[in-house]
Asker: 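Take this structure first; my questions come after.
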Amino acid sequence: MVLYIGVDLGTSAVKLLLMEGSGKIQKIVSKPYPISFPHPGWSEQNPSDWWDGVVEGIHELTADCDRSQVAGISFGGQMHGLVILDEKDAVIRPAILWNDGRTAKEVDELNNGIGREKLSSYTANIAFAGFTAPKLLWVQKNEPENFAKIAKIMLPKDYIAYKMTGIHCTDVSDASGMLLLDVKNRCWSEKMMDICHIRREQLAQIYESYEVVGTLTPEAARLLGLPESCKVAAGAGDNAAAAVGTGTVGDGMCNISLGTSGTIFISSRDFRVDGHNALHAFGHADGHYHLMGCMLSAASCNKWWMDEIIGTKDYAAQQAQIESLGENHVFFLPYLMGERSPHNDPNARGTFIGLTMDNTRSDMTQAVLEGVAFAMRDSFEVAKALGIPITRTKICGGGAKSPLWRRIMANVLGIKVDLLESEEGPAMGGAMLAAVACGEYPSVEAAAKAIVRVVDTVEPEPELVRKYEEKYRQFVQIYPAVKGLFAQWAQ
């Protein structure tokens, strides 16, 4: 039997998955590690904590198997984090994470000083506070002594790959979120290196997600208890790895994640970028490209409404009272944490509108579920305008457990919604990438076709699709009407 390990290097814990070549999952373990907030809005971790969690986790993961059968390891990992090493490969300072907000000035300088159009022409994206390039500019400005020591700039999962192989590597999908990669040509951008005052040799070598970076060093093999022949594949950013795990590879495939935040992930054979940079345009783990819209609040909107406002944990009972879809006159803007895609407006706020004396709690519950679906459609419409044919989507995340929400999503988008047999996220995608790297499957698409299984499909209902089309046209008028108020209130 041949075994593969997928490593999901998350923000709060590392999740490790042991998979047989057939796709059968043998075991999953998780190891938490701390996160520090040294100042309000800052978010950091020590890379050594990641490595300790991986070492401990792999020992537990493989305790009951023949470790000599582990042929490959690969990764999904939290994106955008800045890990900097000195000339001896020692970590210079704690990693600055994706959810760190210290770079507002640097983002403004990039978007409005360099200019959004130039950034998009260099990288296919504009600057966001979470991206890596603004973090580099912050370190240069605020910690010049640390900036001067930088020999290598890495991403979180790539540091783990380095600890395993001794090779400074990254993959196209994760590197796409640094604002340093020429995404279209899958190479580092000379223009962005100049803007960020860094040299090519400070950046890692770029691989496709399914390519072998190397094998375990003798020291890493000893620490992990695995054979030195074990291959390490480059892996992918967490969203791209999760997309592999849900079979969202190839042309026009779609996955919607209804987690705390929400994402719509659309794979494409061809490079595309929308004129307003409303969606992220990144390289994909299958060797092609993807577009991704990110909502900052998705299932968390329903959790907030149920837990904090209604005061109940029985979500199903509240949803059972909803009777008439497509006829609600109450609307909800799901911008409880501001919004990223497609508005990129940190000042946006959650809003109920359309309430009358005869409205019920169920109407408002329904408005929350529909508001998230309408906001997801905003990003969906951007992708459709680029000519990507989308006829169905996978759905995952905590919100996907609700049959009602799945039905709403299918009819708001007007496409089929598929529910998967197994949902193990980036760890599963990492294990599948390892299997491809070791030759178990000829391609990422072939692995997805063999391993990912759909167990239920929600079909759109023509009459309900028509009703939701009318409601969506009303929904899209709300944000432009109140956007100015959000900006005023933030001053």
Side-chain angles (χ1 to χ4, degrees), residues 1-10 13-33 47-77 83 89 154-171 174 204-205 207-236 238 241 244-245 285 424-441 447 451:
M1 183 188 298
V2 182
L3 300 172
Y4 304 98
I5 293 174
V7 179
D8 173 12
L9 192 77
V14 60
K15 177 180 174 181
L16 302 108
L17 179 149
L18 188 65
M19 185 189 84
E20 297 176 12
S22 65
K24 180 182 178 182
I25 298 169
Q26 279 206 353
K27 192 174 182 180
I28 297 172
V29 301
S30 182
K31 295 294 175 184
Y33 34 66
S48 60
D49 291 336
W50 301 334
W51 179 236
D52 290 345
V54 168
V55 173
E56 185 181 347
I58 286 180
H59 275 280
E60 182 178 332
L61 188 74
T62 59
D64 302 320
C65 74
D66 180 353
R67 289 173 170 153
S68 68
Q69 295 177 333
V70 178
I73 301 173
S74 193
F75 315 90
V83 181
D89 287 334
M154 304 199 76
L155 292 163
K157 78 171 191 341
D158 302 329
Y159 177 74
I160 302 303
Y162 158 74
K163 293 290 286 185
M164 289 183 176
T165 65
I167 296 168
H168 302 103
C169 60
T170 192
D171 84 286
D174 211 359
Q205 184 176 343
Y207 293 81
E208 294 295 341
S209 300
Y210 50 83
E211 288 184 328
V212 177
V213 170
T215 54
L216 295 179
T217 65
E219 181 183 4
R222 178 181 57 80
L223 277 172
L224 299 172
L226 299 176
E228 290 182 33
S229 60
C230 181
K231 294 177 180 177
V232 178
D238 51 9
V244 171
E424 295 298 342
M428 186 68 182
M432 291 166 65
L433 290 170
V436 174
C438 292
E440 184 86 36
Y441 297 95
I451 292 172

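We use all heavy atoms of the structure for the numbers below, so side chains are in, but hydrogens, waters and symmetry mates are not.
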Asker: Side chains of Thr62 and Ile5: does their closest heavy-atom pair fall under 4.5 Å?
Answerer: yes
Asker: Find out whether Gln69 and Glu20 are in side-chain contact, i.e. whether some heavy atom of one side chain is under 4.5 Å from a heavy atom of the other.
Answerer: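 Heavy-atom side-chain distance check fails, nothing below 4.5 Å.
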Asker: Under 4.5 Å between any side-chain heavy atoms of Ile28 and Lys15, yes or no?
Answerer: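 Answer yes - side chains close enough.
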Asker: Can you give me the closest heavy-atom contact between Gly214 and Thr165, atom names plus distance?
Answerer: C-CG2, 4.2 Å
Asker: For Val55 and Trp51, what are the C-alpha separation, side-chain angles and deciding distance, and is it a side-chain contact (heavy atoms from CB on, under 4.5 Å)?
Answerer: CA-CA 6 Å; Val55 173; Trp51 179 236; 3.6 Å; yes
Asker: For the residue pair Ser74 and Ala234, what are the closest heavy atoms and their distance?
Answerer: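 The pair with the smallest heavy-atom distance is OG-C, 4.0 Å.
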Asker: Can you measure from NZ (Lys31) to CG (Leu9) and round to the nearest 0.5 angstrom?
Answerer: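 Reported value, rounded in 0.5 Å steps: 15.0 Å.
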Asker: State, with a plain yes or no, whether a side-chain heavy atom of Ile58 is found less than 4.5 Å away from one of Leu16.
Answerer: yes
Asker: Mind running side-chain contact (heavy atoms from CB on, under 4.5 Å) on Asp238 and Lys157 for me, showing each step along the way?
Answerer: CA-CA 9 Å; Asp238 51 9; Lys157 78 171 191 341; over 6 Å; no
Asker: Could you give the distance from CG (Leu224) to CD (Glu56), rounded to the nearest 0.5 Å?
Answerer: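 So the CG of Leu224 and the CD of Glu56 are separated by 12.5 Å.
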Asker: Is a salt bridge present between Glu60 and Lys27, judged by a nitrogen-to-oxygen distance below 4.0 Å?
Answerer: no
Asker: Please give me the minimum heavy-atom distance between Ile451 and Ser22, naming the atom from each residue.
Answerer: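 Closest approach of Ile451 to Ser22: CG1-O, 3.8 Å.
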Asker: Using 0.5 Å steps for rounding, measure from the CG atom of Asp171 to the CD atom of Glu211.
Answerer: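 It comes to 10.0 Å.
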Asker: Could you check whether any side-chain heavy atom of Met428 comes within less than 4.5 Å of a side-chain heavy atom of Ile25, counting everything from C-beta outward?
Answerer: yes
Asker: Report yes if the side chains of Ile160 and Val14 come closer than 4.5 Å at any heavy-atom pair, otherwise no.
Answerer: no
Asker: On the 0 to 90° scale, with breaks at 30° and 60°, tag the Tyr159-Trp50 ring pair as parallel, tilted or perpendicular.
Answerer: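 Ring orientation of Tyr159 relative to Trp50: perpendicular.
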Asker: Thr170 side chain to Ala204 main-chain N or O, any donor-acceptor pair under 3.5 Å?
Answerer: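 Absent.
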Asker: Taking all heavy atoms of Ala241 and all of Gly76, pick out the closest pair and write down the distance.
Answerer: CB-CA, 3.7 Å
Asker: Walk me through whether Glu228 and Thr215 qualify under side-chain contact (heavy atoms from CB on, under 4.5 Å).
Answerer: CA-CA 6 Å; Glu228 290 182 33; Thr215 54; 5.9 Å; no
Asker: In the structure I gave you, are the side-chain heavy atoms of Gln26 and Tyr4 within less than 4.5 Å of one another anywhere?
Answerer: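 No. Closest side-chain heavy atoms not under 4.5 Å.
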Asker: Met164 versus Val213: any side-chain heavy-atom pair under 4.5 Å?
Answerer: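 The answer is no, as the side chains (C-beta and beyond) never meet within the 4.5 Å cut-off.
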Asker: Looking at every non-hydrogen atom in both residues, tell me the closest pair between Cys438 and Gly72 and how far apart they are.
Answerer: SG-CA, 3.8 Å
Asker: Of the non-hydrogen atoms in Cys169 and Asp158, which two are nearest, and what is the gap between them?
Answerer: O-CB, 3.0 Å
Asker: Go through the steps for Tyr207 and Ile167 under the test side-chain contact (heavy atoms from CB on, under 4.5 Å), then give the verdict.
Answerer: CA-CA 12 Å; Tyr207 293 81; Ile167 296 168; 4.1 Å; yes
